[in-house]
Amino acid sequence: MVIIEIMITISIRPYTLRKVGFVGFALFCLSCLSAFGQSTYISVNSTPYDRQMTRIRPILASAAGHKEQNLSFSLVNHWIGDLRAIPYGFSMEWKTPDEVENGAFADCKGKAVALYNAMHSRGVQNVRLVIGKRLPTSRKTHAWLEWNTAGGTYILDPTINWAACRADRGGRQSYIPLYAYAGGQKFRAATTSTLYAKNEFLGGRRVASRM
């Protein structure tokens with residue numbers, strides 16, 4: 001009997017450099033998409049808006065009130081609705097919550113601060129006052145809140161909307177952050193383009209006054 005041994009050699013070709021590069025690029029794109037869904041902020045010592053926000057700085061930096069275990073969306077939406085119902089009227093200076101409540105009109109700055117104060121007084125700490133662009137093509141800056149919850153990040157805009165909306169619903173085609181305030185901390189949005197940030201800083205006083 002003759003036994004014939006047949007040796008089969010299987011050549012395993014490693015991934016080519018081109019394939020590895022493609023996979024890396026795909027992973028990078030996925031990370032970018034996730035970054036657009038939720039803002040990333042960098043702590044800074046100052047912003048172009050510090051001087052004009054002197055009036056409301058004590059409100060932002062005040063200690064949070066009694067912690068609300070589960071602040072309901074219905075209550076937050078009720079506050080948003082009440083502020084949305086106030087007629088819009090531009091103000092050169094940032095109004096305090098009392099001035100917004102007792103005044104005949106208020107702009108995005110005053111309404112955002114009033115909502116921040118209402119939530120902060122209930123112990124909510126994971127909320128930011130944001131200054132940015134409502135749309136990429138917007139010529140004026142806008143003010144709103146971002147609320148981080150266990151179910152995701154929500155945009156709270158009592159100037160335009162009647163209720164909270166998910167921040168990732170439209171990617172970053174709207175509500176593009178530039179700077180943010182939370183308590184005594186100040187932030188610059190890491191996703192902000194260099195051009196946006198540069199223009200806001202160089203013309204901060206002029207641009208900010210048009211919010």
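By the salt bridge (charged side-chain N to carboxylate O under 4.0 Å, His left out) test, Arg55 pairs with Glu93, Glu99, sequence neighbours left out. Residues passing the side chain to side chain contact (heavy atoms under 4.5 Å, CB included) test with Asn77, sequence neighbours excluded: Phe73, Ile80, Ala163, Ala164. Applying the salt bridge (charged side-chain N to carboxylate O under 4.0 Å, His left out) rule to Asp50 yields the partners Lys186; only residues at least two apart in sequence or on another chain are considered. Phe187 meets the ring pair (Phe, Tyr, Trp, His ring centres under 6.0 Å) test with no other residue; sequence neighbours excluded. With sequence neighbours excluded, the residues forming a side chain to side chain donor-acceptor pair (under 3.5 Å) with Ser74 are Ser72, listed by chain and number. Here Trp79 pairs with nothing under the ring pair (Phe, Tyr, Trp, His ring centres under 6.0 Å) rule; sequence neighbours left out. Take Glu101 and apply the salt bridge (charged side-chain N to carboxylate O under 4.0 Å, His left out) test, not counting sequence neighbours, and it matches no residue. With sequence neighbours excluded, no residue forms a ring pair (Phe, Tyr, Trp, His ring centres under 6.0 Å) with Phe105. Not a single side chain to side chain donor-acceptor pair (under 3.5 Å) links Arg84 to another residue, sequence neighbours left out. The salt bridge (charged side-chain N to carboxylate O under 4.0 Å, His left out) test applied to Lys95 returns no partner, not counting sequence neighbours. By the side chain to side chain contact (heavy atoms under 4.5 Å, CB included) test, Ala64 is found to be paired with His120, Gln125, residues two or more places apart in sequence or in another chain being considered.
The shortest distance between side-chain heavy atoms of Glu146 and Tyr154 does not fall below 4.5 Å. Counting only heavy atoms from C-beta outward, the side chains of Val130 and Leu145 never approach each other to under 4.5 Å.
Rounded to the nearest 0.5 Å, atoms CE (Met53) and CD1 (Ile59) are 10.0 Å apart. Considering CD1 of Ile160 and CD1 of Ile155, their distance stands at 11.0 Å, rounded to 0.5 Å. Here the straight-line distance linking atom CH2 of Trp147 with atom CG of Leu115 works out to 9.5 Å at 0.5 Å rounding. One distance of note links SG of Cys108 with CZ of Phe90; it measures 8.5 Å at 0.5 Å rounding. To the nearest 0.5 angstrom, Arg188 atom CZ is 4.5 Å from Ile42 atom CD1.
When atom types are taken as modelled, the side chain of Arg166 and the backbone of Gly151 share a donor-acceptor pair closer than 3.5 angstrom. Judged purely by atom type and a 3.5 angstrom limit, Lys111 uses its side chain to pair as donor or acceptor with the backbone of Leu83. Side-chain N or O atoms of Thr47 include one that pairs as donor or acceptor with a backbone N or O of Tyr49 at under 3.5 Å.
Heavy atoms only, all atoms of each residue included: Ala112 and Pro158 are closest at N-CG, 4.2 Å.
If you check the side chains of Gln185 and Tyr41, you find no donor sitting under 3.5 Å from an acceptor. With 3.5 Å as the limit, one finds no donor-acceptor pair spanning the side chains of Ser91 and Asp107.
Taking the ring centre of Tyr175 as origin, the terminal cationic atom of Arg134 falls inside the region bounded by 6.0 Å and 45° from the ring axis.
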